[in-house]
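Worksheet: one structure, shown below.
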Number of protein chains: 2
Amino acid sequence: MPLRTAPSVKRGKIPEATVARLPIYYRALTQLFERGETRVSSEELAELTGVTSAKLRKDLSHLGTYGTRGVGYEVEYLRFQIAREMGLNNDWSVVIVGLGNLGRALARYGGFGSRGFQIVGLFDHDAKLIGSKLRTGKSEIEIMPATDLARAVKQLKARLGVIAVPAEVAQKVCDDLVKAGVTSILNFAPTHLSTPDGVDVRRVDLASELQILAFHEQKKNEEKSA
Amino acid sequence: MPLRTAPSVKRGKIPEATVARLPIYYRALTQLFERGETRVSSEELAELTGVTSAKLRKDLSHLGTYGTRGVGYEVEYLRFQIAREMGLNNDWSVVIVGLGNLGRALARYGGFGSRGFQIVGLFDHDAKLIGSKLRTGKSEIEIMPATDLARAVKQLKARLGVIAVPAEVAQKVCDDLVKAGVTSILNFAPTHLSTPDGVDVRRVDLASELQILAFHEQKKNEEKSA
DNA sequence: AGAGATTTGTGAAGAAAAGCACAAATCCCC
DNA sequence: GGGGATTTGTGCTTTTCTTCACAAATCTCT
Ligand SMILES: NC(=O)c1ccc[n+]([C@@H]2O[C@H](COP(=O)([O-])OP(=O)(O)OC[C@H]3O[C@@H](n4cnc5c(N)ncnc54)[C@H](O)[C@@H]3O)[C@@H](O)[C@H]2O)c1
Ligand SMILES: NC(=O)c1ccc[n+]([C@@H]2O[C@H](COP(=O)([O-])OP(=O)(O)OC[C@H]3O[C@@H](n4cnc5c(N)ncnc54)[C@H](O)[C@@H]3O)[C@@H](O)[C@H]2O)c1
C-alpha cells in the first residue's frame, strides 16, 4: 500500500446544488461503512444515491481529489472528508419552537442527535404544554414558555432554530429567534419568512410537495387520455 | 369593467422550477383572497412569496396571460388558474405507510384535507397499532396491517403514497406501493428509492436540511475569523 | 516491465434557470 | 381624447447546473 499523498483541498466555493447532495452521499457512505465496505466506485455510490456517476464525481471534485483512478474511493476516508467539509464534526445546538403534532415528532426523533444536532431548547405558547418534558435523544427537556424565547436562546447560544408553529405566528417567532442570535432557520410553516442578511432560512413545505406530485400525476393522466 | 377576453392558455411544458413555486403563489393568493383583496401586482405577490417580481411574472407567463398591464392580477382569477393548472380542483386519495412519530403527525394534520388531499388509508407493521383509529381531517380511519397494503391500496384506487417507515424497509414498502398502483410517492425515509419509469418520488429529508444549514453556518464562522 | 482493463477528474458543450430591461398595454385624470 | 403613470409580458444576457467524453492515473496479470 503506497503512502497516501496529501490530497489537494480545493478552496473554491462549492455550488449550492452540490451542497444539497453532500448529505445524501454522506448517508450512503455511512451505510457502506457500517456494512464493512472499504471501497466504492463513483458508479456504485451514484447508483445508491440516485444520481449519475459523472455528477457524483464532479460534486466530489469540488471538495478535493479524494479518489484513486482505476480504483475508486475509500469509504471511510471520503466519508470523513464530507463530514469535515459540512461541519458535521462540530456539534450544533438546535431549538424547536412549537410542539404540536409536527414539533413533537421532530423533538422525539432520534436521527438528529446521532448526526451532531443536539436539541437544547423547546418552546411553546400553550400553557398546557409548558413544563411538560419530552425525551429527545439521550436527555429529557422541559418545554419552556415562548415568552422566554429571547432570553433562553441567547443563553443556550443556539444558532439553529426550527419553526413548527402555525403560519400566522411564524414571522413573529422568526423575528424573536433572530433577535436571540439564531442565524439559521428550518421553517415548517407554509409561509415565507423575511430575515435580515446573514440569516438563512430553509423551508420544508409538505403540502407543496404533495401538490407538485399531484401536478405530475395529472400530466400522466392527460397523456394517457390523449 | 371591460369584458374579459379569453386569455390564451399556453400549452408548452412548464419548467420544473416553476412548478415547484406554483404552490407557494397559490397559498399567498389564497391568503389575499381570504383577506378580501381583489387585485395584486407582481411586485406585491413577489414580496409575499420571497421571489423577484421578474421571476414571478415569467413563472406565470408559462400558464397563460392572466394579468393586465398597468393593473396587475385579479386575485381570485389567478388563484383559480393556478389551481386548475396544478390539478388542485381534483380530489386526490393518499395513503400513509408507517404511523410512528412522523406518520401520525402527518395523518393528524388538517392542512392536507383542506387542499384536496384525502387520506384514505393508513398502514403499519406494528400489531399494537393495527386496528387503532386516527382522526384525519373529517373522518376517523383505522390503521390497517401492512400485509394488506397491496390489496387495500388497489381497492382504494389511491395513486399517492407517503412513506414514513424506517429507511431499512422503505424500498420494500415502496415496491409494494408501486405494485398496488401508486404512481407518486412522498418519501420521508432518508434513503433513495428506485422505482420504474412513470413513478415519481419526492424525498423530504429533514436531517439533510439541517446539515445544509450547518454547512452555511460554518462558512459564516470561517468568514468572521478570516 | 509492459499490455490491457478500470475508473477518476475535468475541460467543453448543452440545458435550465435567473436576472435585466424595455416595448406594449392599460388606467387615470384633465 | 391625449399625456403621463403604472405594470405586465418577454426577448436577451448571464449564471448555474448537468451531461458528455476522454486523457491521465492506477491496478492486474503475465
Ligand atoms: N403536522 C404536519 O404534518 C404538518 C404538515 C405540513 C405543515 N405543517 C405545518 O407545521 C406547523 C406546525 O404544524 P402542527 O401540525 O404541529 O400544528 P399544531 O397546531 O399541532 O402545533 C402548533 C404548536 O405551536 C404552538 N404555538 C402557537 N403559537 C405559538 C407561539 N407564538 N409561540 C410558540 N408556540 C406557539 C401551539 O401551542 C402548538 O403546540 C404549521 O405551520 C403547519 O402548517 C404541519
Ligand atoms: N420523526 C421525525 O421527525 C423524522 C425526521 C427525519 C426523518 N424521519 C424519518 O421518517 C421515518 C419515520 O420516522 P419516525 O420518527 O416516525 O419513526 P418511528 O420509528 O416512530 O415510526 C416508524 C413506523 O413505521 C412502522 N413500520 C416499520 N416497518 C414497517 C413496514 N414494513 N410496514 C409498515 N410499517 C412499518 C413502525 O411500526 C413504526 O410505527 C424514518 O425513516 C425516519 O428516518 C423522521
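Computed from a predicted structure; not experimentally measured. Just so it is clear: chains get the letters A, B, ... in the order the sequence lines come, proteins before strands, and each one is counted from 1.
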Spacing between [X] atom [atom1] and [N] atom [atom2], to the nearest angstrom:
{"X": "A:Leu63", "N": "C:dG9", "atom1": "CG", "atom2": "C1'", "value": "13 Å"}
{"X": "B:Arg57", "N": "C:dC22", "atom1": "CZ", "atom2": "P", "value": "14 Å"}
{"X": "A:Tyr66", "N": "C:dT7", "atom1": "OH", "atom2": "C1'", "value": "19 Å"}
{"X": "A:His62", "N": "C:dG11", "atom1": "NE2", "atom2": "P", "value": "11 Å"}
{"X": "A:Arg39", "N": "C:dT6", "atom1": "CZ", "atom2": "P", "value": "16 Å"}
{"X": "B:Leu56", "N": "C:dA18", "atom1": "CG", "atom2": "P", "value": "12 Å"}
{"X": "A:Leu78", "N": "C:dT7", "atom1": "CG", "atom2": "C1'", "value": "15 Å"}
{"X": "A:Arg69", "N": "D:dA23", "atom1": "CZ", "atom2": "C1'", "value": "8 Å"}

Considering only heavy side-chain atoms of B:Thr65, the closest of D:dG9, D:dT18, C:dA17 is D:dG9
Considering only heavy side-chain atoms of A:Thr52, the closest of C:dT8, D:dT19, C:dG9 is D:dT19
task: Answer yes or no: side-chain N or O of A:Lys58 and base N or O of C:dG9 forming a donor-acceptor pair under 3.5 Å.
output: no
Quick one about B:Tyr25 and B:Asp59 (side-chain donor to acceptor, distance below 3.5 Å, no hydrogens or angles considered), yes or no? yes
Residue pair A:Ala54/B:Tyr73 against DNA chain D: nearer the 5' end by closest nucleotide is B:Tyr73
OP1 or OP2 of C:dT26 versus the side-chain N and O atoms of B:Thr68: is any pair under 4.0 Å? no
Looking at [X] and [Y], does any basic side-chain N land under 4.0 Å from a carboxylate oxygen?
{"X": "B:Glu85", "Y": "A:Lys219", "value": "yes"}
{"X": "B:Arg39", "Y": "B:Glu74", "value": "no"}
{"X": "A:Lys179", "Y": "A:Asp175", "value": "no"}

With a 6.0 Å cut-off on ring centres, are A:Tyr66 and A:Tyr77 close enough?
yes
- Is B:Ser53 touching bases, backbone alone, or none of the nucleic acid, heavy atoms closer than 4.0 Å? nothing
